[in-house]
Undergrad: 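One structure, as structure tokens, below. Some questions next.
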Amino acid sequence: MTAAPTARIASPTGPASVVRRKRGRFLPYWLLLPGLAWLIIFFVVPMVTLLTTSLQTGDPFNGYSLTWHWANYSDALRTYHAQLIRSFEYAAIATVAALLIAYPLAYAIAFKAGRWKNVLLVLVVAPFFTSFLVRTLAWETILSDNGFVVRVLRDVGLLGANGRLLATPVAVVCGLTYNFLPFMTLPLYASLEKIDPRLVHAANDLYANSFTAFWKVTWPMSMPGVVGGTLLTFIPAAGDFVNVQFLGAPQQQMIGNVIQSRFLVASDYPVASSLSVMLMFLILVLVVVYIRRAGTEELV
Amino acid sequence: MATAVAAASSRVAKPPVKRPAGEAAWRWLREHLVVIYAALALLYMFLPIFVVVMFSFNNPAGRYNFTWQGFTTKNWTNVCGVPGMCSAVTLSLKIGVLSTILATLFGTLIAFAIVRHRFYGRTATNMLIFLPMATPEVVMGSSLLALFINMNVSLGFTTILVAHILFNISFVVVTVKARLQGLDPRLEQAAMDLYANEWQTFRRITLPLVFPGILAAALLAFSLSFDDFIITNFNAGSQTVTFPMFVWGAAQRGIPAQINVIGTLMFTIALVVTLAVTLAGRRRAHR
């Protein structure tokens with residue numbers, strides 16, 4: 001009777017785990033080897049290559065060579081600063097719009113859906129199962145000049161008689177907002193779902209009205225989801241070039257369009273690389289600053 | 001105060017005081033505001049899907065499929081009638097399956113190492129997993145292209161596969177890690193106490209418990225690969241055309257309605273699979 005419990009307690013430090021520990025010394029490295037090798041060869045090394053390519057000079061016909069030509073950066077900035085700034089503007093507006101759409105949705109699924117939670121989550125992601133490009137083409141149809149939306153807006157007077165939505169910043173931001181919605185909704189849901197509803201009830205018992213209870217309890221506790229969701233929306237939106245291509249016009253070009261055409265059409269690898277490096281750097285700075293601020297001021 | 005009195009008097013007096021209909025409606029609206037908003041948001045999310053499905057039955061007059069001309073089923077009966085489209089879909093499926101298998105294998109191994117072992121360089125590993133997810137797709141695609149150009153690698157099937165495995169690994173690690181961290185270690189200890197050796201414990205206890213996480217990771221990886229355009233666009237070259245690449249090309253030359261048929265099929269198949277997995281998970285949880 002007494003032997004069994006002792007055995008159960010003793011076993012984690014028994015012979016089996018000693019063997020495990022000995023063999024386990026190199027085991028994690030074997031587990032990591034294939035995946036990490038892949039990440040190092042095809043992610044870290046290319047980043048270094050991108051950096052060196054951005055410092056090359058030459059031309060598409062005779063090839064490029066590394067000359068530590070830092071002026072590529074200032075040249076690229078001088079020519080394309082408008083597109084760079086515009087990318088961040090559009091991405092920021094789209095992120096805020098996505099937050100406004102997704103937060104109540106995630107809230108309703110987390111607190112009001114009951115046993116239908118999982119099915120509703122599937123439905124929230126389902127529209128994004130169709131191809132990204134097909135989805136964006138569908139928006140081109142919806143916003144097209146003789147489409148329903150434009151006709152209504154013209155009748156109401158929000159658009160002039162010949163006003164259009166396609167080839168305007170509005171259409172591009174609409175597309176950006178729509179296309180990355182699941183990246184906003186899912187993290188929001190994940191953090192809202194963890195909140196104990198009794199905390200909100202407690203706030204109500206202490207005479208907080210529903211707005212105060214939300215602002216002081218629910219919102220701060222959902223902060224990890226807000227930070228995660230906004231980053232996951234902002235990053236792909238800032239680097240996107242498909243929405244501009246399908247819904248916008250050359251006047252709305254974002255930095256992704258420039259990188260794409262400089263690389264693949266003009267074969268101007270150094271300038272394209274320097275733009276890529278700048279985009280990556282700006283995004284990383286933004287991520288670090290944002291997480292720090294949200295982490296120290298809001299998350300405590 | 002006034003409403004409280006009214007409520008009290010209505011309880012006492014037999015014929016209840018009729019509340020103005022507006023007030024009841026307002027209260028109902030306030031209680032259900034979030035739900036109504038959510039329903040509208042869901043409707044908005046499905047709007048393009050309706051368009052995709054509807055226009056797969058369109059009979060377009062010109063080369064573009066933007067205005068409704070009339071109902072037809074010919075796009076569905078003649079899906080592969082568009083030159084190059086079905087081979088593009090097949091290529092996407094092939095790359096999707098191969099990249100999913102390899103990325104799921106690599107990612108699952110990393111997840112086990114991170115969750116189950118303490119080793120030198122663990123923080124750096126976590127960082128290396130996180131970084132690709134924080135990298136915009138243009139940057140990832142163009143950096144790989146820079147590497148391939150500098151190494152004189154010719155672009156095509158292999159380079160696309162390499163890129164897809166790369167961006168899938170991190171998502172697999174994150175998904176499997178979440179499942180592993182939620183696992184009760186006592187279940188494995190119990191198996192060891194019952195004289196299961198390490199392999200038996202892994203095979204009979206750990207793997208079945210982690211399997212839903214691995215399956216979810218694989219489904220995610222496949223859908224990311226099948227749908228990827230931006231990174232593929234940089235690493236495909238001009239001869240190898242995946243389905244998203246085909247759509248991109250078609251958007252400049254003229255869009256056949258059959259693209260909407262593929263879009264509708266993708267949506268339906270993915271929805272059925274995901275609902276099946278979700279409902280199966282629910283049934284397992286109830287047992």
Side-chain angles (χ1 to χ4, degrees), chain A residues 8 11-12 16 20 24 27-29 31-32 34-36 38-39 42-43 45-47 49-50 53 101 104-105 107-108 112 118-119 122-123 126-127 129-135 137-142 144 146 181 235-236 238-239 242 246 256 259-260 263 269 272-273 276 279-280 283 287, chain B residues 34-35 37-38 41-42 45-49 51-52 55 66-67 106-107 109-110 112-113 117 119 125 128 132 134-139 142-147 149-150 162 165-166 169 189 192-193 198 223 227 229 234 243-244 247-248 251 255 259-260 263 266-267 270-271 274-275 278 282:
Chain A
R8 201 179 303 155
S11 75
R20 187 179 183 172
L27 183 62
Y29 296 105
L31 293 175
L32 292 172
L36 281 197
W38 203 275
L39 284 173
F42 297 117
F43 182 74
V45 174
M47 285 297 165
T49 319
L50 191 69
T53 308
I101 294 167
L105 181 62
Y107 183 95
K112 310 265 177 181
N118 285 338
V119 173
V122 172
L123 286 183
F129 288 149
T130 33
S131 164
F132 171 43
L133 298 187
V134 175
R135 232 153 55 205
L137 284 176
W139 275 107
E140 196 173 341
T141 309
I142 295 169
S144 69
N146 36 19
L181 266 178
I235 295 170
V242 174
F246 286 0
I259 295 175
Q260 193 255 355
F263 248 117
Y269 306 132
S273 300
S276 264
L279 178 62
M280 180 77 204
I283 295 264
V287 168
Chain B
V34 178
V35 179
Y37 190 100
L42 211 56
M45 286 165 115
F46 270 90
L47 187 65
I49 304 302
V51 172
V52 170
F55 278 77
F66 287 134
T67 43
F106 295 169
L109 294 178
I110 294 179
F112 267 95
H117 297 273
F119 55 89
T125 307
L128 190 56
T135 309
E137 282 189 290
V138 258
V139 178
S142 61
S143 68
L144 261 176
L145 177 62
L147 177 77
I149 289 170
N150 280 289
V162 162
I165 294 170
L166 171 70
I169 289 177
Q189 285 167 13
M192 300 281 246
D193 288 350
E198 252 183 85
S223 65
D227 195 24
F229 169 68
F234 279 99
F243 178 64
V247 179
W248 176 257
I255 304 164
I259 282 179
N260 290 45
M266 272 172 77
F267 168 75
L271 184 63
T274 328
L275 273 180
T278 312
R282 186 148 85 175

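By convention in this document, chain letters (A, B, ...) are assigned in the order of the sequence lines, proteins followed by strands, and residues within each chain are numbered from 1.
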Undergrad: For B/Val138, is it the side chain, the backbone, both or neither that has a heavy atom under 4.5 Å from a heavy atom of chain A?
TA: both

Undergrad: CZ of B/Phe234 to CZ of B/Phe229: how many Å apart, nearest 0.5 Å?
TA: 9.0 Å

Undergrad: Shorter than 4.5 Å, heavy atoms on both sides: which option in B/Leu166, B/Val34, B/Leu144 has the most such pairs with chain A?
TA: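 Ranked by heavy-atom pairs under 4.5 Å with chain A, first place is B/Leu166.
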
Undergrad: Contact part of A/Leu39 toward chain B, heavy-atom cut-off under 4.5 Å: side chain, backbone, both or neither?
TA: both

Undergrad: Does a side-chain heavy-atom distance below 4.5 Å link B/Val162 with A/Trp38?
TA: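 Yes - at least one pair of side-chain heavy atoms lies under 4.5 Å apart.
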
Undergrad: Heavy-atom pairs under 4.5 Å with chain A: which of B/Ala38, B/Ser142, B/Ser223, B/Pro244 has the most?
TA: B/Ser142

Undergrad: So for B/Thr135, is it side chain, backbone, both, or neither that comes closer than 4.5 Å to the heavy atoms of chain A?
TA: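 Its backbone and side chain both get close to chain A.
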
Undergrad: Tell me, side chain or backbone of B/Ile49 under 4.5 Å from chain A's heavy atoms, or both, or neither?
TA: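 The side chain, not the backbone.
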
Undergrad: Heavy-atom pairs under 4.5 Å with chain A are the metric here; pick the option from B/Ile259, B/Ile165, B/Ile255, B/Thr125 that has the most.
TA: B/Ile165

Undergrad: Which bit of A/Ala238 comes within less than 4.5 Å of chain B, counting heavy atoms only: side chain, backbone, both or neither?
TA: neither

Undergrad: Could you check whether any side-chain heavy atom of A/Leu27 comes within less than 4.5 Å of a side-chain heavy atom of B/Phe112, counting everything from C-beta outward?
TA: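 Contact flag for A/Leu27/B/Phe112 side chains = no.
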
Undergrad: For B/Leu271, is it the side chain, the backbone, both, or neither that has a heavy atom closer than 4.5 Å to a heavy atom of chain A?
TA: both

Undergrad: To check you understand the geometry: which heavy-atom pair defines the closest contact between B/Leu109 and A/Leu31, and what is its length?
TA: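 Looking at all heavy atoms of both residues, the closest pair is CB-O, 3.2 Å.
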
Undergrad: How far apart are the closest heavy atoms of A/Gly35 and B/Ile169, and which atoms are they?
TA: O-CD1, 4.0 Å

Undergrad: Among A/Val45, A/Leu133, A/Val134, who wins on heavy-atom pairs under 4.5 Å with chain B?
TA: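 With the most close heavy-atom pairs to chain B, the winner is A/Leu133.
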
Undergrad: A/Tyr29 versus B/Phe119: any side-chain heavy-atom pair under 4.5 Å?
TA: yes

Undergrad: How close do A/Phe43 and B/Leu128 get, counting heavy atoms only, and between which atoms?
TA: CD2-CD1, 4.4 Å

Undergrad: Most heavy-atom pairs under 4.5 angstrom with chain B, which of A/Thr53, A/Ile259, A/Ile101?
TA: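 Ranked by heavy-atom pairs under 4.5 Å with chain B, first place is A/Ile101.
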
Undergrad: If you count heavy-atom pairs within less than 4.5 Å of chain A, which of B/Met266, B/Met45, B/Glu137 leads?
TA: B/Met45

Undergrad: Quick check for you: among B/Ala134, B/Pro136, B/Ala146, B/Ser143, which has the greatest number of heavy-atom pairs under 4.5 Å with chain A?
TA: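 Of the candidates given, the most pairs with chain A belong to B/Ser143.
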
Undergrad: So for A/Phe132, is it side chain, backbone, both, or neither that comes closer than 4.5 Å to the heavy atoms of chain B?
TA: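 For A/Phe132, backbone and side chain are both near chain B.
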
Undergrad: If you look at every heavy atom in A/Ser276 and A/Leu50, which pair is closest and at what distance?
TA: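 Looking at all heavy atoms of both residues, the closest pair is CB-CD2, 3.7 Å.
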
Undergrad: Identify the two heavy atoms, one from A/Pro28 and one from B/Ala113, that lie closest to each other, and give their separation to 0.1 Å.
TA: O-CB, 3.8 Å

Undergrad: Do A/Leu137 and B/Asn260 touch side chain to side chain, with heavy atoms closer than 4.5 Å?
TA: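 Heavy-atom side-chain distance check fails, nothing below 4.5 Å.
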
Undergrad: Enter the distance from A/Ile235:CD1 to A/Ile283:CD1 here, rounded to the nearest 0.5 Å.
TA: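 It comes to 5.5 Å.
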
Undergrad: Please look at A/Asn146 and chain B and tell me whether the side chain, the backbone, both or neither of the residue comes under 4.5 angstrom of a heavy atom of that chain.
TA: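 Only the side chain of A/Asn146 comes within 4.5 Å of chain B.
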
Undergrad: For a quick test of reading the model, state the closest non-hydrogen atom pair linking B/Pro48 to A/Ala138 and the distance between them.
TA: O-CB, 3.6 Å

Undergrad: Taking the side chain as every heavy atom from C-beta outward, state whether A/Arg135 and B/Asp227 have any atom pair closer than 4.5 Å.
TA: yes

Undergrad: I'd like to verify something: which residue of A/Phe129, A/Phe246, A/Tyr269 has the highest number of heavy-atom pairs under 4.5 Å with chain B?
TA: A/Phe129

Undergrad: Below 4.5 Å from any heavy atom of chain B, which atoms of A/Leu123 appear? Answer side chain, backbone, both or neither.
TA: both

Undergrad: Go through the atoms of A/Pro104 and report whether side chain, backbone, both or neither lie under 4.5 Å from a heavy atom of chain B.
TA: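 Contact with chain B involves both backbone and side-chain atoms of A/Pro104.
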
Undergrad: Is it the side chain or the backbone of B/Tyr37 that comes within 4.5 Å of chain A heavy atoms, both, or neither?
TA: side chain

Undergrad: Quick one: what part of A/Ser131 sits under 4.5 Å from any heavy atom of chain B, side chain, backbone, both or neither?
TA: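 Contact with chain B involves both backbone and side-chain atoms of A/Ser131.
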
Undergrad: Side chain from CB out, backbone as N, CA, C, O: work out which of these in B/Ile149 comes under 4.5 Å of a heavy atom of chain A, or both, or neither.
TA: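 Looking at B/Ile149, just its side chain touches chain A.
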
Undergrad: Identify which part of B/Thr67 has an atom lying under 4.5 Å from any heavy atom of chain A, answering side chain, backbone, both or neither.
TA: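 Side chain of B/Thr67 only, per the 4.5 Å heavy-atom cut-off to chain A.
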
